[in-house]
Amino acid sequence: MTRVLPFLIAALTAAPALGAQATPPIRSGTYDLEITYGGGTMEGSLEIAILHDSTAVTLRIGDHISPVGPTLRKGNRLVLDNTAPGDVIHYDLLFRADSVTGPFTFGENAGSVAGRRRASPPS
């Protein structure tokens, strides 16, 4: 035991603190988006509500709500896919602090998303 103890102490002090390398979580709120697609840019918003393991999203592009829902939420990654029959829509979004970026596809056409989380109104 006395021979193992120095190695155990060295290993514990050399290891990063628990959670030090954990990916920051996705924050609930509204993100203002710029969606680049087909040579142009559209404005939109992404509303995210997270409660424990449940994630609800509303994606607005212009005046329309896009029929997508979360299919994966892990760490700082959120994948959204089409929830209505018809066109294939797929977003693969990465969140870093209050920003979001990532590619998306609409059928066979590709685009990108970039945005920032809106500041919470003062109480």
Side-chain angles (χ1 to χ4, degrees):
M1 177 71 173
T2 56
R3 286 188 225 168
V4 174
L5 190 57
F7 293 110
L8 182 58
I9 292 172
L12 289 175
T13 57
L18 184 60
Q21 297 196 10
T23 304
I26 299 168
R27 296 178 64 193
S28 291
T30 300
Y31 293 76
D32 292 315
L33 305 176
E34 285 190 359
I35 302 163
T36 304
Y37 176 77
T41 302
M42 301 174 281
E43 292 184 5
S45 66
L46 176 63
E47 297 169 18
I48 301 174
I50 297 174
L51 182 60
H52 306 293
D53 291 337
S54 176
T55 305
V57 299
T58 302
L59 175 63
R60 287 185 170 81
I61 301 173
D63 294 333
H64 304 285
I65 294 177
S66 183
V68 296
T71 56
L72 171 75
R73 184 186 99 209
K74 184 174 182 180
N76 68 335
R77 182 175 177 220
L78 180 64
V79 175
L80 306 174
D81 285 305
N82 190 30
T83 58
D87 294 318
V88 176
I89 303 169
H90 179 83
Y91 294 83
D92 193 347
L93 305 174
L94 290 176
F95 292 78
R96 291 184 182 90
D98 285 334
S99 68
V100 57
T101 59
F104 81 94
T105 54
F106 180 68
E108 294 184 15
N109 300 302
S112 63
V113 175
R116 289 209 52 82
R117 186 173 179 270
R118 289 182 191 166
S120 299
S123 315

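Numbers here are sequence positions counted from 1.
Ring pair Y91/F104 is parallel by interplanar angle, where below 30° counts as parallel and above 60° as perpendicular.
Minimum heavy-atom separation, S99 to R116: CB-NH1, 3.6 Å. Residues Y31 and V100 come closest through the heavy atom pair CD2-CG1, 4.0 Å. Scanning all heavy atoms of the two residues, the minimum distance from V57 to G69 falls at CG2-CA, 4.1 Å.
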Practice item. Begin with the C-alpha distance, continue with both residues' side-chain angles, and end with the deciding distance and a verdict on side-chain contact (heavy atoms from CB on, under 4.5 Å) for L80 and L93. Key: CA-CA 8 Å; L80 306 174; L93 305 174; 4.1 Å; yes

Exercise for review: Under the side-chain contact (heavy atoms from CB on, under 4.5 Å) rule, what do V88 and F106 come out as? Steps first, then yes or no, please.
Suggested key: CA-CA 6 Å; V88 176; F106 180 68; over 6 Å; no

Exercise for review: Could you give me the CA-CA distance, side-chain angles and deciding distance for L33 and S45, then say whether side-chain contact (heavy atoms from CB on, under 4.5 Å) is met?
Suggested key: CA-CA 5 Å; L33 305 176; S45 66; 5.6 Å; no

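The structure places CZ of R60 at 14.5 Å from CD of E43, a figure rounded to the nearest 0.5 Å. Within the model, atoms OG1 of T30 and CD of E47 stand 4.5 Å from one another, a figure rounded to the nearest 0.5 Å. To the nearest 0.5 angstrom, D32 atom CG is 11.5 Å from R117 atom CZ. Taken to the nearest 0.5 Å, the CD1 atom of I26 stands 7.0 Å off from the OG1 atom of T55. Taken from OG1 in T58 to CD1 in I48, the straight-line distance is 10.0 Å, to the nearest 0.5 Å.
Residues V79 and L46 do not share a hydrophobic cluster, defined by chaining ILVMFWY side chains whose heavy atoms lie under 4.5 Å apart. M42 and V68 fall within a single hydrophobic cluster, where Ile, Leu, Val, Met, Phe, Trp and Tyr side chains are chained together by heavy-atom contacts under 4.5 Å. Using a 4.5 Å cut-off between side-chain heavy atoms of Ile, Leu, Val, Met, Phe, Trp and Tyr, with links allowed through other members, L78 and L94 fall into different hydrophobic clusters.
Here the side chains of S112 and T101 are not in contact, with every heavy-atom distance at 4.5 Å or above.
Contacts classified as side-chain hydrogen bond (donor to acceptor under 3.5 Å, both in side chains) and involving residues 78-90 (residues at least two apart or in different chains) are given here: T71-D81, D81-H90.
Remark: S28 pairs with I50 by the side-chain contact (heavy atoms from CB on, under 4.5 Å) rule, at least two apart or across chains. Under the rule for a side-chain contact (heavy atoms from CB on, under 4.5 Å), the partners of T41 that lie at least two apart in sequence or sit in another chain are E34, T36.
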